[in-house]
Amino acid sequence: MKTINNYNFNKKNVLLLVDFNVPVKNNIILDNIRIVKVIPTINKILNDKPNKIIVITHLGRPNGKKIKKLSLEIVSIELSKLLKKNVFFYKKDIMKFNDNELKKIKNKIILLENIRFYKEEKNKDIKLAIKLKKISDIFVNDAFAASHRDVCSNMIIPTLFKYKCIGYLMDKEIKDMEKIFNKPKKPILAIIGGGKVSTKIGLIKYITKYIDYLILGGCISYTFLKYQGYNIGNSCVDDKYVNTIPEIIKHCKKNNVKLFLPDDFIVCKKKKIKKVNYFNIPNNYSGVDIGEKSIKKFSKIILKSRTIFFNGPFGLIEVKKFSYGTLKIIKYIGMSSKKYKSYSVIGGGESLLTLKKYKHKNRISVISTGGGAMLYILKGKKFPFIKKKVII
Ligand code: 3PG
Ligand code: MG
């Protein structure tokens with residue numbers, strides 16, 4: 001694949017696809033890492049003195065509807081701050097964007113309104129692609145975190161361009177992930193937590209082929225306990241997937257993967273908080289974090305491993321005190337990387353929110369902007385735009 005180093009963008013109109021799908025609460029961006037990591041790509045293009053950079057991205061899942069709270073306006077403000085340059089936010093209908101409109105805008109960088117406001121994005125409708133092709137000369141894809149999606153911006157827009165390439169972030173993230181498959185240092189440990197059990201089951205079955213240790217937390221660990229017949233109170237559990245637990249156990253046995261689950265939990269009922277063992281979760285209480293015994297057990301495995309990837313938190317991290325266990329796991333991953341040079345990869349929105357509180361982020365080998373995209377690669381899949389050779 002060509003990268004932006006293969007091109008000079010001088011006087012060109014550049015269409016840049018990025019993933020600025022950042023977590024937002026009360027109109028505040030909670031974590032801007034996805035924007036920060038694209039800045040080098042934008043700066044390289046700016047150094048070449050282009051005519052315009054037209055940036056496309058999405059926020060949330062508006063599904064073809066214009067939803068005010070999913071407007072990219074706050075993202076354009078953040079981008080301006082980070083670039084120390086005024087970004088023009090084009091909030092009008094993209095389908096009406098044309099050369100005349102473009103000429104009227106004096107700024108070098110234009111951010112278009114949420115591409116998912118247009119049903120054409122999901123429907124892979126060529127009309128949207130043609131519209132954007134008309135105003136630009138070169139296409140750059142730096143949207144690693146959205147690469148697993150089969151949508152117009154990923155799959156159709158680039159097919160109309162003779163000149164196209166990937167940005168620095170995409171290039172680096174793909175290479176970073178490939179290192180997990182390409183002569184990884186053993187033993188390999190996967191730490192999987194978080195909420196969505198459905199998206200994790202396929203992943204777990206696949207990775208047992210190449211990992212040595214598996215630590216499970218979050219909803220999937222409660223689903224495990226439920227399958228084993230323990231009372232889990234009101235802890236999160238995906239009932240549809242309780243029956244898939246024997247398959248996970250079977251895959252681990254077959255591939256000689258050592259599986260570790262939490263031994264203790266912090267549980268909570270309204271304002272009441274307790275520490276309990278896994279077999280002792282009371283009725284009406286929900287598990288909100290792992291306890292010290294579990295942290296100690298997991299720390300030993302983390303310090304023994306030489307390739308580690310982590311996706312999905314182990315507790316209700318939006319409440320500060322319940323992010324303790326997840327932050328401890330991150331600290332041990334950092335320690336393993338510092339002391340034993342383990343190759344560590346952390347990704348997924350919630351894991352990154354916890355990582356923000358960790359002082360020694362530089363100890364982590366790779367902080368991936370991808371959540372779903374990271375899991376997609378770990379499942380051994382190639383992104384649709386690579387498989388179909390949309391950008392070569
Ligand atoms: C993500 O955050 O996972 C990417 O931005 C893709 O968004 P999606 O999961 O809503 O398709
Ligand atoms: Mg996602």
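Start at 1 and go down the list; that is how both ligands and their atoms are numbered.
- If you look at F144 and F383, their ring centroids are closer than 6.0 Å.
- Between the side chain of T223 and the main chain of V242, no donor-acceptor pair closer than 3.5 Å is present.
- Ring centroids of F298 and Y332 are separated by 6.0 Å or more, keeping the two rings apart.
- Among E78, K81, K37, the one residue that satisfies the side-chain hydrogen bond (donor to acceptor under 3.5 Å, both in side chains) test with N32 is E78.
- No side-chain donor-acceptor contact under 3.5 Å links K66 to the backbone of D93.
- When heavy-atom distances to ligand 1 are checked against 4.0 Å, the residues falling inside are D19, N21, R34, H58, R61, R116, A145, R149, ordered by chain and number.
- With R363 contributing its side chain and M335 its backbone, the two residues share no donor-acceptor pair below 3.5 Å.
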